[in-house]
Amino acid sequence: MSDHIRLEGFAVLVLEDDYYLADDAKRLLEDVGARVIGPFAMEHPALAAVATHKPNCALVDINLGAGPSFTMAATLRSHGVPIIFVTGYDAEAIPSDLRDAVRLEKPVEARKLLQAVRTVCGAASGPPKG
Amino acid sequence: MSGPAEMMRRQRVLAEFGDFVLDHEDLDEILNEGCRLIAEALGADLAAALEIERERDTALVRAGVGWRPGIVGRERVSLSEQSSEAYAVERAEPVITNDIAREDRFAFPAFLKEAGVVALVNVPIFLPGRRPWGVLQVDARETRNFDQEDIEFLKTYSMVLGPVIDRLRVAAEREQARSGLAQREERLNRVLSGMGEGFGLLAPDFTILEHNREALRLDGRPRHEVVGRSHWEVYPGSEHSELGRLLKKAMAERVPVFLEHQYAFREGRARWLEMHAYPTEDGALAVFWRDVSDQKSADAAMREGEARRRLLQAGWETDASGVVTADSPSWRAYTGQTSDEWLGYGWLDAIHPDDRAYAERQWREAVAARGIVDAEFRLRDPNGGWRWTNVRAAPVLDAEGKIEKWTGLNIDIDARKRAEAALREREARQRFLLTTGDAMRAETRADDKIRAAGRQLGDRLQASRVLYAEYDHAQGPAEIFNGWLAAGAEPFPATVRLKDFEGPVLDDLRAGRTVRVDDVGALIADPSFAAIANVGVQALLSVPLVVDGRLAVSLSIHQDEPRSWTDDEVALVQEIAERLWAEIVRARAEQALRESEARARLLLAELQHRVRNILAMVRSVVRRTVETGESVEQVSEHLDGRLASMARTQTMLTRSAGAGVALETLIREELLAQNAEEAAVILEGPSVELTPKAAEVLTLAVHELATNATKYGAFSQAGGTLEVRWKVESHGAGAERLRLVWREFGVSVVASAPRRIGFGTELIERRVPYELHGSGKLELAPGGLRAEIAFPLAPRESILAPRLPGRVSVKRGDV
């Protein structure tokens, strides 16, 4: 399926309020060697983790149960962490200054998710170490 | 409904409809597609959308699927007492008829029976603000039991349709107002209203078809007293006058005519009018009037002036030093002074006090400089008032070039001065209306328009306040916008109770009469005037606008000291009030459209988000179920149960928008799905409303526990019992925590021992902490399984989520 994609050396932050989806993403990423920061169901602990764990990129769900929010995405941007939106919303729901970020539509295929992480994380940090 | 697959299919239908709506602008197309999808989703033969037609008390089959030609767009149902459609709208609830033959509440239209309809559901469609639009109808050709899920699905569908219809309707109205004829007509009307010339349109039988604003102003009557009536009737005496002869000639011979004539309007106002009439292509006559009275009176003033010059002029002489020593009978006749009053410098007393210093200075300077005097000022009129005069004087020299005396002449120029002033006033008024109109149009929001008009009026009238009030007769209060406040003026309250101001002022406004009070203090004996004086108003000018027979708005000018309002000021405020009102109505319509569009967009975005999230969840649950490595039969059974449980959550969440899900109902429904013996179950706890998220997690958790109990636990053997107890723990300052314990008794450990740790365990011990920020524990105790779930009851809302009160309602249940 995604045998040839390996993500060793990458740290990926996951923000997703649905347990199953969060856990799926975590398992998928760890299976190909990535380190997962989180997953987090809320913005607050995720924000704290950005500074301490220095992720290479982040998977961000827009709606954490209280309507669309872009605080996390904007903060990650300001820390230089590239983001991938994983969402059920159309592109128009995303503010124009964040619209250049990659947007994956739920339900996401595993292969597409891994490809997006490799492209976005890789572009930001160069080839994975180790 | 039958199972989760069906549920998923219906969610997809909603999502597809959402996509369709985003791509289409035509209401009929959208409604037809909506009917097609709904018939397909419910496996029905026919569906229709019926739009209420208030004025005829019917509903039109606006769109539909499955009907023979000639029904959609043509057939109507009566909204009488016996109509099931009317009943659904009135009750604001779906109305179900499972078999027309056995239905005795309603009568059904013939076309329905001809189409072979046997069973039907009517779901009312409401626009935002609970305004009924119509009915969504699903029809079947066989008797059929529409179940609760069908109804819930239809309700969700109609809930989505409301804002969609509203958005397109508002857009269509605006489009219609802007396009084609309406647009041209509006443009023409603006040109006609804006021009300073009166314009009217006469039908071949001389019925007045149109009068523009200036024509109505000339006439002094409201539009409805003029337009639609015969010209001869509206202007008595015109038919057999020169005017009538020319108009008939123009109409019959299709030639332009011209006439300058004087017409005496009602109240004896005679105006000079310049009339041009041109035949139009469609057989009517376009008539233009220009009020040339001012010009005429200026001309007349010249001619009159000639005559008056003989009558009203004064010749006089002074001594060499400029002091009056000789009598002047013509001066005495002109001013009414006696010769004693006139002598010396007494003549100064005949000059208007404001002009006196100027006149004296001109005179003394001329005398000192031996120059010529040429000045204009006002002289007392013996008949009362003042008249403008032009004085010319020059020294008379003797043979040696010394001043012998001064001789002078006063000429009356009053008519010319007044005509000039009137012309200036008219020009200034026209300029003011243009400037104010531009200032209002430059703003997009209604209150900014009010402020723009207020600033212009306040400045021009030197008022202390300009207020725009809107009246709500059902409620009693008036809403006030402070359009303009002079420096230091107190703002007026934003709302006032009308009953505090009951009295002559409100009576006049309600009757559509302009209120004009020069001195409120003089009327203070009346309590309503006392109330007005009390809010710092000493003079008041208030113009009402009556719409559909009711006082809708008023534009008021306040002054903190008495003043005398002129006719021109009153006319000006009336004119601005009308224009402001028109501007505001347009601004609000556009605002409503923008809001309605935003609402529909938001709703659709939320719908997309939800549906896609649910699909992702389902996929994850399916994978987790398959991963347990059970047999195909077991996987299929588990999957069926889990998806059914998820479907029940969705049903509960859409059942009543605006409320949460009751915890006890949730548990009962899951137990019911397992056919658990009620006798073996004890449920106890206070009434608790759950947020959608908590309901979603708990439903699945209870489902897993109940399935396990059926297979291995309390429901699997005789003597097994189940107790579910919950309580709400308070942790101070609104922080409340729900603690729920599921405990099975009388279960032999042998039976429950081989239970797999799998989906259920993960759900309770991992998903509960993760999603609800609480804790969950599952353990095998002697006698049976024990599960404990605890989480904080903090309401977390999304846009479609029910709005929960800040505190959860807690009351002791009697289970």
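These values consider heavy atoms only, across backbone and side chains, with no hydrogens, waters or symmetry-generated copies. Reminder, nothing fancy here: chain letters follow the sequence lines and each chain counts from 1.
Proximity to chain A (any heavy atom under 4.5 Å) is shown, for B/Val611, by neither the backbone nor the side chain.
Using a cut-off of 4.0 Å between Lys/Arg side-chain N and Asp/Glu carboxylate O, A/Asp24 and B/Arg623 are scored as salt-bridged.
Taking NZ of B/Lys693 as the start and CG of A/Asp17 as the end, the distance is 4.5 Å to the nearest 0.5 Å. In this structure, CD in B/Glu696 is found 6.5 Å from CG in A/Asp18, a value given to the nearest 0.5 Å. Remark: B/Met617 CE to A/Lys106 NZ distance equals 9.5 Å, nearest 0.5 Å.
Residue B/Tyr770 comes nearest to A/Ala22 through the heavy atom pair OH-CB, 3.5 Å, listed as atom of the first residue, atom of the second, then distance. Residues B/Ala616 and A/Pro107 come closest through the heavy atom pair CA-CB, 3.6 Å.
Panel note: side chain B/Arg624, backbone A/Tyr20; a donor-acceptor pair is recorded below 3.5 Å. Panel note: side chain B/Arg619, backbone A/Val108; a donor-acceptor pair is recorded below 3.5 Å.
By the neighbour-count criterion of 12 heavy atoms within 6.0 Å, atom CZ of A/Arg99 is densely surrounded, having more than that number from other residues, nucleotides or ligands.
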